[in-house]
Amino acid sequence: MTRITELDTETVERIAAGEVVTRPASVVVELVENALDAGTESVEITVENAGLDLIRVADDGHGMAREDAALSVERHTTSKIRDVADVERISTLGFRGEALPSIAHAARLELTTKHEESGVAGTRVVVDGDEKRVTAAGRAVGTTVSVRDLFERIPARRKSLAQPKREFARVSEAVTGYALTHPEVRFSLTHDGRNVVSTPGSGSYTDAVLGVYGRETAGESTTVDHRADGIEVRGLLVYPSITRAGPTHVTTAVNGRTLRDSTIRGAVREGYGSLLPDGRYPVAVVDVSLPPEDVNANVHPAKEAVAFHDSDAVANAVERAVSGALSTEDLSRTADLALDLDAAVDDVEGSAFESIAVIGQFRELYLLCEADDDLLVVDQHAAHERINYERLRAAVGDGGSNDGTGQGGVESADIEPRRLPLTASEAALAETHRGDLAAIGFRFETDRASLRVTGVPAPLGRVASPEALRDALDTLAAGEEPTDPRDELLKEFACHPSLKAGDALTTEAATRLVRRLGACEQAFACPHGRPTVLRIDEAAFARGFERPNTRF
Ligand code: ADP
Ligand code: MG
């Protein structure tokens, strides 16, 4: 068995350690990490008064033998690394040998443990101030650490804490993060006698999300498990019918270490791409695993960040995994027509467009379609925008990326030159983006405050108006510098009125439109992330009309 040893000075100096215990949540994090490092299947966390009176973490991991238990509360003692070289390849959550002694310094600590290989009794270690007592104790294999009266001896620290509610929110957020990224471990968090988090440890991300976010969110999700170039991406993606205003609900972990990683969060959002409305974020859980030597875990004093040796590779792997997992899913929205949640969960198999029949049009705007047991309602403008966007993108080549070669591009038609008055900054913007504008079919000459349009886009058999160039400039001017200006232009242009289908469609034209939507790479959202299709399943009608839910 691996034994605890004291680190040498060189190693201690190499480790980025600051103050380890600053608030109840940091105690909880350290104890949970120890439990996970011990290979536990279950972590039971009990907290009283936001952790100020009591924090108790019990696990069923491998436990400690008596000498190790006695050593574990001393400074710089660890079983997880041996020397300075190990710091470069950390594969455990802990490695600094600082947590237990720091906690013992800030509170009264009691540890009860029994090692899996020791036949005899377990061990209890109590540290109170300078006093340490080691005695025999009864316990099944595993470890329980109780921390009482946190910061009672350090009033300045206690004063710097927020309201108990806020401190407990941090505890709960930390536990939730670990529960979501470790679905194989059962988590339970109890606060002042009330159970607030509970996951089953079944190994399924869906079950973990169910325990944390509830049924509606878990039901609207797909799992991801993708491995390429030594990087494994596992987790769960909630469909974009549920979105959030910020990235807080994109829970990320690196080699099982739960932390807020902006590289991964950014790549997850990129992976959702145009499925997400502007400025919205998904709910997702993503754990990235890579060889320990490809990531530096020793960069943050509280272990709240890691550094990837190749963060582009990680971002690419995550983005590909996410977009791949979502593109095989049927993301048509289930209408919230008095649907109960059980029924909303089960209908995401196969393509919805194979056996589709257009049965009518509502308000010259929505196409009503019969698709197996469902009624699909297609927003014909949104559908047309999606189709236009994918065709235009295909014309421009490789996702509309700006390679500066001017190769490919949307067909362009010569027109009688037309003068567009512009502001000086608009003219400058047009100059800056000449290549991007040319790729979507605009040709023009600029002088100081005006511009002569000589060619306009003529894709898909329609000729755009010269004024469309002004709209394109608005798109480029809006907000911050777009990361992919050509793609922004395509999205905007795909929605331009001059490219849209007429309002009154014949049944044949409507059927063609729906089929073409079905052939799109991402059929269920317009280029700006609004849904294209609503689905109402037959069961919803049956319930609404109080019929027994059978067809005969
Ligand atoms: P670190 O985790 O950085 O090694 P800690 O102070 O958190 O430092 O723990 C010291 C040592 O005590 C660990 O290396 C481990 O061997 C042992 N230990 C702590 N908690 C547990 C636990 N829950 N189960 C088994 N061993 C533990
Ligand atoms: Mg530790």
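Counting starts at 1 for both ligands and their atoms, following the listed order.
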Ligand 1 to T78, heavy atom cutoff 4.0 Å, flagged ligand atoms 1 (P), 4 (O), 14 (O)
Any residue meeting salt bridge (charged side-chain N to carboxylate O under 4.0 Å, His left out) with R260, in chain and number order, not counting sequence neighbours: E173
Sort and list the pairs that fulfil side chain to side chain donor-acceptor pair (under 3.5 Å) and have at least one residue in residues 279-296, not counting sequence neighbours. T243-R280
List ligand 1 atoms under 4.0 Å from G97, heavy atoms only on the residue side. 1 (P), 3 (O), 4 (O), 6 (O), 8 (O)
Within-cut-off N or O pair, H62 and ligand 1, under 3.5 Å: no
Check each heavy atom of T77 against ligand 1 and say whether those closer than 4.0 Å belong to the side chain, the backbone, both or neither. backbone
Numbered in order shown, the ligand 1 atoms found under 4.0 Å of a heavy atom of S72 are 10 (C), 12 (O)
Would P101 count as being in polar contact with ligand 1, using the rule that some N or O on each side must be under 3.5 angstrom apart? no
A38, portion touching ligand 1 at heavy-atom distance under 4.0 Å: side chain
Under 3.5 Å donor-acceptor, S188 side chain and S198 backbone: no
With heavy atoms of R96 as the reference, note each atom of ligand 1 found under 4.0 Å away. 3 (O)
Do D60 and T40 have side-chain N/O donor and acceptor atoms under 3.5 Å apart? yes
Atoms of ligand 1 less than 4.0 Å from G94 heavy atoms? 2 (O), 3 (O)
If we ignore angles and hydrogens, is there a donor and acceptor under 3.5 Å between the side chains of D487 and Y389? yes
Check: of T143, D59, N34, I81, min heavy-atom distance to atom 19 (C) of ligand 1 comes from N34
Going by distance only, is there an N or O of D37 that falls short of 3.5 Å from an N or O of ligand 1? no
Atoms in ligand 1 flagged as close to I4, the criterion being non-hydrogen separation under 4.0 Å: 11 (C), 12 (O), 16 (O), 17 (C)
Go through the side-chain N and O atoms of T5 and R82 and say whether any donor and acceptor fall under 3.5 Å apart. yes
Output yes when the distance from some N or O of ligand 1 to some N or O of G63 is under 3.5 Å, and no in every other case. no
Taken in chain and number order and not counting sequence neighbours, the residues that satisfy salt bridge (charged side-chain N to carboxylate O under 4.0 Å, His left out) with E390 are R386
Protein N, O or S atoms less than 2.8 Å from the Mg ion (ligand 2), ignoring waters? N34 OD1
Donor on one side chain, acceptor on other, R139 and T144, under 3.5 Å: yes
Any N or O of E30 that comes nearer than 3.5 Å to an N or O of ligand 1? no
